[in-house]
Amino acid sequence: MVRPLVSTVVAAVGGDRPPAVAITLTILISAAWIGVVGLTRVRHPVLTLVFAALAYAVFSTVFSAIASPIVTGRLQGPLAMPGAIIAVLLSNAAWGAITGLLALALQRARGFRPERTPD
């Protein structure tokens, strides 16, 4: 929830958030996700990070719906444009899949392969 919080704080103080801030935060968050999952023994890294990204999408949408009227006086974000909700979910799922694949590659590079369970 770092990105929505930074956006809210910047809006509250009336500042502008340069695109480099959003890109830097996305890279740092992605690196943390990849590191945490890739350096541990998570059995399904891609699925784990897809669901983490979808949870992030839902929480940030709810946070935006609560915080934007308080900070700006009007509803902003995906709930203000319901068609955007699908785009937010899809883009976050893609982000989770990409970070999950990178975490899986890190696990494989470390020699971790989860044991297969019999069906």
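What you are looking at is a predicted structure, and each value in this text was computed from that prediction instead of being measured.
- For residues 44-53, there are no side chain to side chain donor-acceptor pair (under 3.5 Å) pairs, not counting sequence neighbours.
- With sequence neighbours excluded, the residues forming a side-chain hydrogen bond (donor to acceptor under 3.5 Å, both in side chains) with S30 are W95, listed by chain and number.
- The side-chain contact (heavy atoms from CB on, under 4.5 Å) test applied to L102 returns I34, I98, not counting sequence neighbours.
- For Q107 (side chain) and R113 (main-chain N/O), no donor-acceptor pair under 3.5 Å exists by modelled atom type.
- With L49 as reference, V37 is the one residue of L54, V36, V37 to meet the side-chain contact (heavy atoms from CB on, under 4.5 Å) rule.
- Checking side-chain atoms of T61 against main-chain N and O of A57 turns up a donor-acceptor pair under 3.5 Å.
- Just one of T26, L28, I27 meets the side-chain contact (heavy atoms from CB on, under 4.5 Å) condition when paired with T24; it is L28.
- Through direct or indirect side-chain contacts shorter than 4.5 Å among Ile, Leu, Val, Met, Phe, Trp and Tyr, M81 is connected to no other residue.
- A distance-only check finds a donor-acceptor pair linking the side chain of R110 to the backbone of G38 [under 3.5 Å].
- Evaluation of the side-chain contact (heavy atoms from CB on, under 4.5 Å) rule for L90 yields I86 as partners, not counting sequence neighbours.
- Listed by first and then second residue, the side chain to side chain donor-acceptor pair (under 3.5 Å) pairs that reach into residues 73-85 are T72-Q76, sequence neighbours excluded.
- V46 is linked by a side-chain contact (heavy atoms from CB on, under 4.5 Å) to V50, L101, L104, counting only residues two or more places apart in sequence or in another chain.
- Side chains of V88 and N92 form a contact here, defined as non-hydrogen atoms less than 4.5 Å apart.
- Every residue meeting the side-chain contact (heavy atoms from CB on, under 4.5 Å) condition with A65, not counting sequence neighbours, appears here in chain and number order: L75, L79.
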